[in-house]
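Below is one structure; the comments refer to it alone.
The first residue in the sequence is number 1, and the count goes up from there. Because the structure is predicted, anything quoted here is derived from the model rather than measured. Worth knowing before you read on, the calculation uses all heavy atoms, side chains too, and leaves out hydrogens, waters and symmetry mates.
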Amino acid sequence: MITLKNDRFLRALFRQPVDVTPVWMMRQAGRYLPEYRATRARAGSFMDLCRNPELACEVTLQPLRRFPLDAAILFSDILTVPDAMGLGLFFSEGEGPGFHRPVRDERAVNALGVPDIETDLGYVMEAVRTIYRELDGQVPLIGFSGSPWTLATYMVEGGSSKNFSLIKGMLFGRPDLLHRMLAVTAESVTAYLNGQIRAGAQAVMIFDTWGGVLSPADYRSFSLAYMERIIRGLHREEQGSKIPVILFTKGGGQWLEAMADTGCDALGVDWTTDLSDARSRVGDKVSLQGNLDPCILHAPPDRVRAGVAQVLASFGEGSGHIFNLGHGIHPDVDPENAAVLVEAVHSLSRQYHC
């Protein structure tokens, strides 16, 4: 068991006192960094990069060499799970991800099975083990997965979608079929996250990127219920340490209370919800993560600092806040502005942790 040199992130997740607010950024290892682009070119393709544990480790560590971040997050992709379920993931330049074998009928749903984590997703497990070893306790390592609903949108649509007509057609026309699909996907995600925890992830996050496109009733039935099922099935302790779980639904600010009741330790909040409002609604039940609008990183440095100050003031005094963007950092952001953000969080937040 490696001793952590910086445990601010974990302490804040458990609402314990910290000296400054911890900060990390969704997609902090990515295209906005020139060193990432160089490593991806060396790998040959995005999936070749994901499937190479040494290079996945390299790009995971790259932002930590530039910025004094308080956590690392595994470099991978949420669609590795449905790929391991046999759907045939591919990426087209300029068009994003797609599947050779989308799931659109009863036969395709019945063919789905839970992948063998150490075989079908062994390259991810080896990446986690490599990153954990190379971090050597510098900061905690976050593992992650997409939510069953979010994964299902890609699995049914065959890729990205603007109106989600195919999966919503299944939701309204064959809800029984969609529930069967979500059940096996939830079982797969549970096994996947537990594998990451065994390999060294010290916290895990569930990304429900597309939960916000659902109605309140459908969100509870087709998204939240399956995330709660995953949380119940996770190994919440490894080698004597508690493993916190972060739940993030983009566009889900209206459902914070229901999300907090799932048993998670923290909620990601996007920029459409004030942290002060979120904190008053969930109280001390969970920590909050967020929630600066990523687009502010295209503004001048003084505006970035002002935005950081506003988010910190919105949460207010005390622990239980992990600073983050409300979604992933954009590929065309100047890394210098990311540096401004991280420095501003640490310097401006000290007053809230007296």
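Across every non-hydrogen atom of Tyr32 and Ala338, the tightest pair is CE1-CB, 4.2 Å.
The aromatic rings of Phe222 and His179 sit parallel, their planes meeting at an angle under 30°, below the 60° perpendicular limit. Taking the six-membered ring where the residue is Trp, Phe207 and Phe248 present perpendicular rings, their angle passing 60° and hence far from 30°.
Checked by atom type and distance alone, the side chain of Asp83 pairs as donor or acceptor with a backbone atom of Leu89 at under 3.5 Å. Listed for the Ser145 side chain is no donor-acceptor partner under 3.5 Å among the backbone atoms of Leu193. For Ser161 (side chain) and Phe164 (main-chain N/O), a donor-acceptor pair under 3.5 Å exists by modelled atom type. The backbone N or O of Gly86 sits less than 3.5 Å from a side-chain atom of Arg101, completing a donor-acceptor pair. Asn194 contributes a side-chain N or O that, together with a main-chain N or O of His235, makes up a donor-acceptor pair within less than 3.5 Å. No donor-acceptor pair under 3.5 Å is formed between the side chain of Thr273 and the backbone N or O of Val269. Side chain of Gln351 to backbone of Leu348: a donor-acceptor contact under 3.5 angstrom is found.
Counting heavy-atom neighbours within 6.0 Å of Arg31 CZ, excluding the residue itself, gives a total of 12 or less. Atom CD of Glu106 has more than 12 heavy atoms from other residues, nucleotides or ligands within 6.0 Å.
A salt bridge (charged side-chain N to carboxylate O under 4.0 Å, His left out) check over residues 264-276, counting only residues at least two apart or in different chains, returns the pairs Arg236-Asp265.
With no hydrogens or angles considered, no side-chain donor-acceptor pair links His321 and Tyr352 at under 3.5 Å. Residues Trp210 and Tyr154 have side chains that bring a donor and an acceptor to within less than 3.5 angstrom of each other. No hydrogens or angles considered: nothing links the side chains of Tyr123 and Thr80 as a donor-acceptor pair under 3.5 Å. Thr21 and His353 are linked by a side-chain donor-acceptor pair at a separation below 3.5 angstrom, with hydrogens and angles left out of the test. Under 3.5 Å, the side chains of Asp218 and Ser221 contain no donor-acceptor pair of N or O atoms. Between Glu157 and Ser165, the side chains place no donor N or O within less than 3.5 Å of an acceptor N or O (distance only, hydrogens not considered). A side-chain donor-acceptor contact under 3.5 Å links Thr150 and Ser147.
The side-chain tip of Arg279 points at the ring of Phe315 from less than 6.0 angstrom away and within 45° of straight on.
We find the CZ-CG distance between Phe144 and Leu74 to be 5.0 Å, quoted to the nearest 0.5 Å. To the nearest 0.5 Å, atoms CE (Met259) and CG (Leu224) are separated by 7.5 Å. Between atom CE of residue Met125 and atom OG1 of residue Thr119 there is a gap of 11.0 Å, rounded to the nearest 0.5 Å. For the atom pair CE (Met85) and CZ (Phe99), the distance works out to 9.5 Å, reported to the nearest 0.5 Å. How far CG of Leu112 is from CG of Leu182: 10.5 Å, rounded to the nearest 0.5 Å. Atom-to-atom distance recorded for Cys57:SG and Tyr132:OH is 13.5 Å, nearest 0.5 angstrom.
A single hydrophobic cluster is not seen to contain both Ile296 and Trp271; linkage of ILVMFWY side chains at heavy-atom distances under 4.5 Å, directly or through other members, places them apart.
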Test salt bridge (Lys or Arg N to Asp or Glu O under 4.0 Å) on Glu58 and Arg40; report intermediate values, then the result.
CA-CA 10 Å; Glu58 166 63 20; Arg40 176 172 171 173; over 6 Å; no

Yes or no on ring pair (Phe, Tyr, Trp, His ring centres under 6.0 Å) for His100 and Phe90, after CA distance, side-chain angles and deciding distance?
CA-CA 7 Å; His100 291 297; Phe90 66 91; 4.5 Å; yes

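The side-chain heavy atoms of Phe91 and Pro97, taken from C-beta on, include a pair separated by under 4.5 Å. Under the 4.5 Å side-chain criterion, counting only non-hydrogen atoms from C-beta, Tyr226 is not in contact with Thr190. Between Val311 and Asn291, some side-chain heavy-atom pair lies under the 4.5 Å cut-off.
Each of Glu35, Gln28, Glu336 was evaluated against Arg66; a single residue qualifies, Glu35, per the side-chain hydrogen bond (donor to acceptor under 3.5 Å, both in side chains) test. For the side-chain contact (heavy atoms from CB on, under 4.5 Å) test with Asp120, the passing option among Val124, Ile117, Asp116 is Asp116; the others fail. The residue from Thr60, Leu141, Ile142 that alone fulfils the side-chain contact (heavy atoms from CB on, under 4.5 Å) condition with Ile73 is Ile142.
Salt bridge present: Arg281 and Glu257 bring a charged side-chain N and a carboxylate O closer than 4.0 Å. Between Arg51 and Glu126 there is no salt bridge, since no side-chain nitrogen of the basic residue lies less than 4.0 Å from a carboxylate oxygen of the acidic one. In this structure, Glu187 does not pair ionically with Arg232, as no charged nitrogen and carboxylate oxygen lie closer than 4.0 Å.
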Could you give the side-chain donor-acceptor pairs of residues 8-20 under 3.5 Å, partners two or more places apart or in another chain?
residue : atom : partner : partner atom : Å
Arg8    : NE   : Asp19   : OD1          : 2.7
Arg8    : NH1  : Asp70   : OD1          : 2.9
Arg8    : NH2  : Asp19   : OD2          : 3.2
Arg11   : NE   : Pro17   : O            : 2.8
Arg11   : NH2  : Pro17   : O            : 3.1
Arg15   : NE   : Asp284  : O            : 3.0

